[in-house]
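Convention: sequence-line order gives letters A, B, ...; per-chain numbering from 1. All heavy atoms count here, side chains included; hydrogens, waters and symmetry mates do not.
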Amino acid sequence: MTDTAIEIKNLHFSYGRRKVLTGVNLNVPKGSIFGFLGRNGAGKTTLIKTLLGLQKSSAGTATILGMDCFAHALEVRKRIGYMAEDQQMYGWMTVGQIIRWVGAFYPNWDNAFTDRLVDMLRLSKQTKVRALSKGQNSSLALLLALGHHPELVILDDPTLGLDPIARKDFLRRVIDLLQSNGVTVFFSSHLLYEIEPVADHIAILDDGVIRKCGKTEMLRETVRKFIFTPKPEADLASLPGLLDLTVAGDNIAVTLEQCDAQTRHKIRELSQTAMEESALNLDEIFEACVIGNKTPAPQPAG
Amino acid sequence: MFIRIEPSSSVPIYRQIIDQIRYQVAAGILKKGDKVLSVRELALQLAVNQNTILKVYNELCRENVLKIERGEGTYVLAEQHTISTQEKRDMLAGPLRQAAALAIQLDIPLDLAAQLLHSEYETILAQRNSLSGGSKESPHV
């Protein structure tokens, strides 16, 4: 048995000539909550469509629970749950009717379990789907993704459009209903601060590739910003793990990933003054990973 | 147990929780023998991954601040005075380091900075004493 729930190797995907994914590598450990981050349009949903077996990649492989996502799409779908962003469901059905409707597609649907979920999520089987609030709508979508006891649940920006309280409620359910039962969760979002508290691992997708991937706490512990005045001959582009470089007069600010004692030593060598080191908050880390400037600007004249 | 996570902080979440629990024991808010929330309960309350809370509890157990009784729950093991002077100093060192850096940036000499700390300390102590009507003594470390 493998300990990996999702394994993606060198995955490429294009819409016509537009390349969306250009060599994605990703491993999602079983039982983990995996935060999958990217800006809108970064390719998150394209990757999820590939995982769901809805499209064939141009190159590379994607497997779920050891099975190829495209070749074994049906078998994969029996064992995973999926919840879309702003999921649309038949508005004229009642909650009870839509549960029966969706359940009929799954041989192992657990009616007793979904009844318990209806109570726990404070839904009513008599309510028409169109009359649900946004928060209730997301509760129902989650319920429909769980009724067949999936081993892996894919949540595509599930909290989009929810207010802060409904959002926190949703995250609590992910912890209580999924993590407590050992279900692997692949959770996409464009908000790092939302995903950080619940995720074991985080990957940041940008421009078709994974920019950063690792244990969640590593993000804050290893990304550092240094401000110093470089020696005139300093080769800043050679700094390891450079995410961002900004020049302000004689001073420069560099943001580095995987910062350790060796990195600090290297900066001290390049610097002609004392350096100032600071940790970054999540928004700053996300920004540095996604829109960081990696080329040293020309030195200002004079 | 009141714990607050500061999302915009640069300190990792598990570190924020550890610091707050340790502080609450050192300040006598959590007392020896108090039962703390289970991993699952605290994870739900804070909407934080259970493994994060598990990591917090394991580390605090290693430091003998908490004790996990199998099947019963997690209890405070340390007494207020068993938090060593060294640990209390460590808790204070972080904010003081920031204050020192700020003083240097603003070109405030050390004796003036020390004077400011002294007067802030006295002010808060005076406020506390007038509230509790209690002893006028400084806390001893």
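- The nearest pair of heavy atoms linking Pro197(A) to Ile13(B) is CA-CD1, 3.6 Å.
- Shown here is Met218(A), whose CE atom has no more than 12 heavy atoms of other residues, nucleotides or ligands within 6.0 Å.
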Pairs table: donor-acceptor atoms between chain A and chain B closer than 3.5 Å:
unit_1    : atom_1 : unit_2   : atom_2 : d
Arg172(A) : NE     : Leu44(B) : O      : 2.5
Arg172(A) : NH2    : Gln45(B) : O      : 2.9
Asp176(A) : OD1    : Arg40(B) : NE     : 2.9
Asp176(A) : OD1    : Arg40(B) : NH2    : 2.8
Gln179(A) : OE1    : Gln50(B) : N      : 2.9
Gln179(A) : NE2    : Asn49(B) : OD1    : 2.7
Ser180(A) : OG     : Gln50(B) : NE2    : 2.8
Pro197(A) : O      : Asn49(B) : N      : 2.8
Val198(A) : O      : Asn49(B) : ND2    : 2.7
Asp200(A) : OD1    : Asn49(B) : ND2    : 3.2
Asp200(A) : OD1    : Asn51(B) : ND2    : 2.8
Asp200(A) : OD2    : Asn49(B) : ND2    : 3.2
Glu217(A) : OE2    : Lys55(B) : NZ     : 2.4
Arg220(A) : NH1    : Ser9(B)  : O      : 2.0
Arg220(A) : NH1    : Val11(B) : O      : 3.2
Glu221(A) : OE2    : Tyr14(B) : OH     : 2.9

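- Environment of CG in Leu106(B): crowded, with over 12 heavy atoms of neighbouring residues, nucleotides or ligands closer than 6.0 Å.
- A distance of 9.0 Å separates CG of Leu46(B) from CD1 of Ile175(A), quoted to the nearest 0.5 Å.
- The contact between Leu280(A) and chain B is made entirely by backbone atoms, counting heavy-atom distances below 4.5 Å.
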